[in-house]
Amino acid sequence: KVGMYRKIYQPKTIAYIETVKNKKTVKGVINRQKTPGGWRTIEWNATGIFDEADNYKGLQSTGRDITDRKEAEKKVFEHQEQLKSLSSELLLAEERERRRIAIELHDRISQSLVISKIKLDSLGESITSKDSGKSLKEVCKTLGQTIQDTRSLTFDLSSPILYELGFEMAVAEWLT
């Protein structure tokens with residue numbers, strides 16, 4: 001019978017028939033033109049038919065049109081890629097905003113606080129009244145803590161080491 005198939009079928013089809021004759025199922029997905037205007041995707045299974053004496057009698061093949069499913073999978077994949085891209089853009093925008101806020105904290109608020117503390121410390125040295133000096137020292141202490149908190153917040157928002165040294169050096173610095 002195989003000789004008969006060789007005349008009609010392509011070599012690939014003959015290989016499928018030989019596989020089925022060895023009691024294996026052949027599965028696949030093929031594109032077939034269903035209409036002149038478009039291609040359809042067909043999922044198919046082929047199994048052998050055997051008699052009671054285990055002799056090969058023929059081939060049973062079933063096909064299922066999965067064109068719509070494949071198109072839906074393609075759209076899902078495209079949407080996933082688009083979401084990845086948007087997520088990446090969002091992360092970059094967030095990092096830029098963190099960096100901008102950190103720079104503003106450092107350049108405006110921290111520097112103003114430091115200058116105010118220096119002036120208050122200088123003023124505290126010139127005051128002779130114990131009550132005023134004590135109050136001024138408490139204000140300077142609170143101001144010093146506020147400066148430390150601002151520095152920590154600035155660092156937490158956007159590590160200056162990362163921008164100054166680069167990623168690899170910043171990780172090495174952090175590890176040491």
Side-chain angles (χ1 to χ4, degrees), residues 12 19 24-46 62-176:
K12 195 174 187 180
T19 303
K24 295 181 181 172
T25 299
V26 179
K27 297 179 180 185
V29 175
I30 58 171
N31 286 320
R32 288 220 172 128
Q33 190 172 6
K34 185 175 183 183
T35 63
W39 290 88
R40 303 301 291 175
T41 303
I42 309 297
E43 178 182 67
W44 57 273
N45 295 315
T62 57
R64 181 170 48 147
D65 187 342
I66 59 169
T67 305
D68 294 338
R69 185 182 85 196
K70 287 293 184 183
E71 288 174 3
E73 287 173 357
K74 182 180 176 185
K75 285 181 183 178
V76 166
F77 178 76
E78 289 170 355
H79 285 124
Q80 286 173 338
E81 291 300 311
Q82 185 179 18
L83 284 174
K84 285 179 188 177
S85 176
L86 290 172
S87 176
S88 178
E89 287 179 35
L90 180 63
L91 288 173
L92 289 173
E94 182 181 86
E95 187 56 36
R96 283 190 300 270
E97 186 62 12
R98 284 173 171 251
R99 179 80 174 140
R100 187 192 66 74
I101 292 170
I103 288 170
E104 289 293 317
L105 275 173
H106 178 268
D107 290 352
R108 289 190 183 178
I109 296 171
S110 291
Q111 289 183 8
S112 295
L113 288 171
V114 169
I115 290 169
S116 298
K117 185 175 182 315
I118 290 170
K119 287 182 179 181
L120 284 173
D121 283 337
S122 175
L123 183 63
E125 291 173 7
S126 66
I127 292 180
T128 56
S129 168
K130 289 185 181 184
D131 290 335
S132 297
K134 185 179 176 186
S135 296
L136 197 54
K137 283 183 182 182
E138 288 176 8
V139 170
C140 286
K141 184 178 177 183
T142 303
L143 197 53
Q145 184 60 48
T146 304
I147 291 168
Q148 282 302 113
D149 292 345
T150 304
R151 284 183 184 155
S152 294
L153 181 59
T154 301
F155 188 82
D156 289 345
L157 274 171
S158 180
S159 172
I161 294 172
L162 181 62
Y163 290 97
E164 291 170 11
L165 301 178
F167 180 74
E168 290 179 17
M169 292 295 290
V171 170
E173 180 79 19
W174 179 78
L175 289 173
T176 57

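All heavy atoms count here, side chains included; hydrogens, waters and symmetry mates do not.
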Engineer: Is the backbone N or O of Glu81 less than 3.5 Å from a side-chain atom of Ser85, with the two atoms forming a donor-acceptor pair by type?
Structural biologist: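 Looks like no, no N/O pair under 3.5 Å.
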Engineer: Indicate the atoms forming the closest heavy-atom contact of Thr154 with Ala102, along with that distance.
Structural biologist: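 Shortest heavy-atom separation between Thr154 and Ala102 comes out as CG2-O, 3.4 Å.
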Engineer: Please walk me through it: do Glu78 and Lys75 pass salt bridge (charged side-chain N to carboxylate O under 4.0 Å, His left out)?
Structural biologist: CA-CA 5 Å; Glu78 289 170 355; Lys75 285 181 183 178; over 6 Å; no
Engineer: Scan His106, Glu104, Gln111 and name whichever one has a side-chain hydrogen bond (donor to acceptor under 3.5 Å, both in side chains) with Arg108.
Structural biologist: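 Testing each of His106, Glu104, Gln111 against Arg108, the sole residue satisfying side-chain hydrogen bond (donor to acceptor under 3.5 Å, both in side chains) is Glu104.
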Engineer: Out of curiosity, Leu113 CG to Ile118 CD1, how far, rounded to the nearest 0.5 Å?
Structural biologist: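 Here the rounded value is 11.0 Å.
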Engineer: Give a yes or no on whether the backbone of Gln148 and the side-chain of Ser152 come within a donor-acceptor separation of less than 3.5 Å.
Structural biologist: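 Side chain of Ser152 to backbone of Gln148, a donor-acceptor pair under 3.5 Å: yes, one is there.
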Engineer: Looking at Thr146 and Thr142, would you say the former's side chain and the latter's main chain have a donor-acceptor pair under 3.5 Å?
Structural biologist: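 Checking the backbone N and O of Thr142 against the side chain of Thr146, a donor-acceptor pair under 3.5 Å is found.
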Engineer: Once salt bridge (charged side-chain N to carboxylate O under 4.0 Å, His left out) is applied, what residue pairs with a partner in residues 134-150 remain, sequence neighbours excluded?
Structural biologist: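 The answer is none; no pair qualifies.
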Engineer: How long is the straight-line distance from CG of Leu83 back to OG of Ser87, given to the nearest 0.5 Å?
Structural biologist: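 Nearest 0.5 Å value for the OG-CG distance: 8.0 Å.
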Engineer: Is Arg99 paired with Glu95 through a side-chain N to carboxylate O contact shorter than 4.0 Å?
Structural biologist: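 Salt bridge: no.
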Engineer: Any side-chain heavy-atom pair from Arg69 and Glu43 closer than 4.5 angstrom?
Structural biologist: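 SC-SC contact between Arg69 and Glu43 confirmed.
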Engineer: Nearest 0.5 Å, what's the CG-CD1 distance between Leu153 and Ile101?
Structural biologist: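 Reported to 0.5 Å precision, the distance equals 9.0 Å.
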Engineer: Does the Thr41 side chain pair with the main chain of Ile66, one donor and one acceptor, at a distance under 3.5 Å?
Structural biologist: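 No.
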Engineer: Which heavy atom in Cys140 sits nearest to a heavy atom in Leu120, and how many Å separate them?
Structural biologist: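 So the minimum-distance heavy-atom pair works out to SG-CB, 3.5 Å.
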Engineer: Going from CZ on Arg40 to OG1 on Thr67, what distance comes out if it is rounded to the nearest 0.5 angstrom?
Structural biologist: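 Atom-to-atom, Arg40:CZ and Thr67:OG1 are 3.5 Å apart.
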Engineer: Is a salt bridge present between Glu71 and Lys74, judged by a nitrogen-to-oxygen distance below 4.0 Å?
Structural biologist: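 No.
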Engineer: Is any side-chain heavy atom of Ser110 closer than 4.5 Å to a side-chain heavy atom of Ile147?
Structural biologist: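 A side-chain contact under 4.5 Å is absent here.
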